[in-house]
Amino acid sequence: MLRVYCPLIMALLTTLTDQVGGGTSSNECPFNSVGATYFSQYNVITTGDFSSTSDVENQTIVCGSLKSNQANYCIHIDQNNFNAKNACLEVNGALPSGGGSPNVLVGSVSVGASSAHTLRKKGTTQYQIDQLQFNLKGGNQGATAFVDSNLPSKCAAITSSLQTLSNSLFQITPNNNATIPADQPGPLNLNINNVDSNSIAIFNLSGPSVLANNYVQQIQININNANCKFVLINLYGTTINFNHGNLVGSWITNLNGRAKTLWNCPQATTMNLQQNLQGALLAPNAVVQASSNIDGATAVKSLTTQSELHNPPIQFPCGAAVEIQWGVYVSDNWGNTLSPYWQARGAAFLLGSSFASGQWNAHSWMDFLPVSAAPLSSGSCVKAYPELFRRMCNDPGSDCNMVYAHKCVGAWNHIRDQIQQNTRSAMEYWAVVNNQSLPVFNTSEMVVYDRCSVDTILDHDEHGQLAYSALRCIPEAVTVLYQVYAKARTTALCDALRRAQITYLSRVRPDIVVIPSPDIAGSLSNIGNGYKSKGVYDRALDYYSKCLKVREKCLPSDHPDIASRLNDIGSIYYSKCEYDRALDYYSILKIQERCLPSGHSDIATSLKNIGRAYDNKASMIAQQSVLKNDR
């Protein structure tokens, strides 16, 4: 795999141009695909359900449901070379209920966001997800359990790309023949005399004739061409059982040979593996039962086994899959830390490549952002990518190198949905690990923070057009948008940009009400005002209380704004006819008398509110007394 470090992004442009300029040719690598990239990353991939009661040596992704509650995962991974916060076991569907405790020896466990999950940390090395307890042996190194909001889309990409890979490999013209016994018992020989331009030996054979032949005593791969680097065995047939013949010979029984052998079965819908299959298995449509070990990467529709699933990962002989790598840069300013990270993630997305970074050490929720990401198709024309990167990085300025990418057209603008999902998930993981709670957000509301100011206008050449990109991915459920900005840092140009954005939104999303909010606490207060005007007092009280907490963190206790927030809360209790509670908050009069002139209008308002509360309280007591006497 070609690894491209972000500061050297221009180095990959020639490679990309060569790939997209000449079209398909007979010399093209058949493994230059998203599907091949996924396949090379996992020991086991099931696009449907998975059940195992034994060992899985390397990474596993289950796009359906996990059906077994007893297995050992990731048992042959070097923990020194695997980030413990990365998921080694990924399950997109449901988990089994009842007893049992799967063991994950290295790395973390992730579950998909397509259904609700309950996560609970029970100890340093124990996490309960729904009703299933996982033992995470790497808990002391940072292993955890978390919900991965990208897992459903990732599984959709895996399912589609593996289908494409298997079908395309099956179309390749074979360049070798096998000798298959037909009349009497004997060996089945896969004789490799020829290879293609990528050093691949290719067979196209009947699955039942090879693996379920009563005359076959052993199956041997004979390397007669020293240039052979990979063996592709295409097997046709909808039902393929492996119940005759042992795999023998120095190629297939050697770890290196198994890593470079692929059994591709695109037509198979049912497979029963009673013999030890050596080499990788790709059968994206097959429901597989295995009563013997599989020694190689496995990618199937569903798999049920009580036997072991072994290394090695598959090693393709060619392929220009690009991996964007980012060296972690941590700043005291969160924005300066996140900008280059999301820039690299965006570049990986546009390239349809994987992403990898170093270990985070920000001592914050950012430590829970993904340090790797599998490739996702961007849906854009691949021929546009080189030009897009030239646009991003032709600026001669020293900061246009994807380490600090202020002058480039940000690649992150193409992955705003991923940014939203990953940020939320990272905060949720941080909250679980640190036993904290996050505020509950109304799905009909959205906050957009606008950093427009004198310095950002000067340093960010494309601020205007990038600001608009934030308004193009607003979820359909949103009906109220709070446009938060720093009032002290704004300029006339920034104000004009914000007004233009509101005009744009009124045209493309007339159902959204935009509320300009010059500060976060003010935004919370505005939200509370909105709920109060609608008579939704409990929600108004919630936002007024959040606003008060923000103010108390940055203002002295006798600040007039603290008094105003207490007054807001008191007004809610007054509206709910809870006059004693209202009077508790109207005691702000003492604060106002200390910090405001004696004739200030706020003091007069507070005296009026107190008087009204006592008056209404007395009226309510009198009414209750009359009702009691009437009985």
Side-chain angles (χ1 to χ4, degrees), residues 41-45 50 52 54-63 66 68-93 95-96 100-113 117-151 154 309 311 313 328 330 341 354-374 421-436 438:
Q41 291 177 349
Y42 291 96
N43 190 173
V44 176
I45 299 174
F50 177 57
S52 171
S54 189
D55 296 342
V56 182
E57 291 191 342
N58 217 305
Q59 290 178 258
T60 299
I61 182 167
V62 181
C63 290
L66 185 66
S68 58
N69 54 17
Q70 292 279 1
N72 301 308
Y73 296 94
C74 312
I75 67 172
H76 279 184
I77 293 180
D78 183 359
Q79 66 177 7
N80 296 319
N81 294 317
F82 191 89
N83 189 329
K85 293 179 181 178
N86 286 354
C88 196
L89 172 62
E90 302 167 71
V91 182
N92 187 47
L95 299 173
S101 299
N103 298 309
V104 180
L105 276 68
V106 177
S108 300
V109 176
S110 67
V111 289
H117 291 283
T118 302
L119 281 72
R120 187 157 61 97
K121 185 176 182 180
K122 301 186 69 176
T124 304
T125 60
Q126 292 181 326
Y127 281 80
Q128 183 170 318
I129 309 178
D130 302 334
Q131 300 181 47
L132 187 62
Q133 179 173 299
F134 288 89
N135 298 317
L136 307 183
K137 303 301 182 181
N140 291 319
Q141 287 77 44
T144 183
F146 58 90
V147 175
D148 184 353
S149 57
N150 284 329
L151 198 49
K154 179 179 179 180
L309 301 168
N311 279 319
V328 175
V330 176
Y341 169 77
S354 56
F355 165 83
S357 75
Q359 179 73 47
W360 285 91
N361 192 25
H363 305 293
S364 71
W365 64 272
M366 289 186 290
D367 289 336
F368 296 86
L369 286 168
V371 294
S372 66
Q421 293 169 2
N422 290 172
T423 299
R424 182 67 189 178
S425 295
M427 289 183 174
E428 289 173 347
Y429 310 157
W430 172 87
V432 170
V433 171
N434 292 279
N435 197 28
Q436 300 288 328
L438 295 176

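Values below: all heavy atoms of this structure, side chains included; hydrogens, waters and symmetry mates excluded. What you see is a predicted model, and the numbers here were worked out from it, not measured in a lab.
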Checklist line | Where Ala87 and Ser110 come nearest, the two heavy atoms and their spacing | finding: CB-OG, 3.5 Å

Next item on the list: Taking Glu57 for its side chain and His76 for its backbone only, find out whether a donor-acceptor pair lies under 3.5 Å.
Entry: no

Margin query: So, using side chain to side chain donor-acceptor pair (under 3.5 Å) as the criterion, who are the partners of Ser425 when residues are at least two apart?
Written below: Ser149

Check: Between NZ of Lys154 and CG of Asn92, what distance do you get to the nearest 0.5 Å?
Finding: 10.0 Å

Next item on the list: For Asp78, check side chain to side chain contact (heavy atoms under 4.5 Å, CB included) against everything at least two apart and list the hits.
Entry: Asn80, Asn81

Next item on the list: Report the residues that fulfil side chain to side chain contact (heavy atoms under 4.5 Å, CB included) with Asn69, sequence neighbours left out, ordered by chain and then residue number.
Entry: Pro96, Leu132

Checklist line | Spacing of Thr423 atom OG1 and Met366 atom CE [to the nearest 0.5 Å] | finding: 10.5 Å

Checklist line | ring pair (Phe, Tyr, Trp, His ring centres under 6.0 Å) against Phe146, all qualifying residues, sequence neighbours excluded | finding: Tyr429

Margin query: According to side chain to side chain donor-acceptor pair (under 3.5 Å), who are the partners of Gln59, at least two apart in sequence or on a separate chain?
Written below: none

Notebook entry, point to check: Does Glu428 have any salt bridge (charged side-chain N to carboxylate O under 4.0 Å, His left out) partners at least two apart in sequence or in another chain, and if so, which?
Noted result: Arg424

Note to self: If you compare all heavy atoms of Pro370 against all heavy atoms of Asn422, which two are closest, and at what distance to 0.1 Å?
What the structure shows: CG-OD1, 3.8 Å

Margin query: Using the side chain to side chain contact (heavy atoms under 4.5 Å, CB included) criterion, which residues pair with Gln70? Sequence neighbours excluded.
Written below: none

Margin query: Restricting to side chain to side chain donor-acceptor pair (under 3.5 Å), what partner residues turn up for Tyr127, sequence neighbours left out?
Written below: Thr144

Check: What residues form a ring pair (Phe, Tyr, Trp, His ring centres under 6.0 Å) with Trp365, not counting sequence neighbours?
Finding: Trp334

Next item on the list: Provide the closest heavy-atom pair for Ser68 versus Ser52 in the form atom of the first, atom of the second, distance.
Entry: OG-O, 2.6 Å

Checklist line | Worked verdict on Tyr73 versus Val109 for side-chain contact (heavy atoms from CB on, under 4.5 Å) | finding: CA-CA 10 Å; Tyr73 296 94; Val109 176; over 6 Å; no

Item checked: Distance-minimising heavy-atom pair for Gly112 and His117 -> O-CD2, 3.1 Å

Next item on the list: Could I get the full list of side chain to side chain donor-acceptor pair (under 3.5 Å) partners for Asn103, not counting sequence neighbours?
Entry: Asn72, Asn135

Check: Of the non-hydrogen atoms in Cys88 and Gly107, which two are nearest, and what is the gap between them?
Finding: CB-CA, 4.3 Å

Next item on the list: Please answer whether the main-chain N or O of Asp130 pairs with a side-chain N or O of Gln128 as donor and acceptor at a distance below 3.5 Å.
Entry: yes

Notebook entry, point to check: Out of Leu151, Val91, Val44, which residue meets the side chain to side chain contact (heavy atoms under 4.5 Å, CB included) rule with Ile61?
Noted result: Leu151

Item checked: Check: Asn58 side chain, Asn43 main-chain N or O, donor-acceptor pair, under 3.5 Å -> no

Note to self: Ignoring hydrogens, what is the shortest heavy-atom contact between Gly142 and Ala84? Give both atom names and the distance.
What the structure shows: C-CB, 4.1 Å

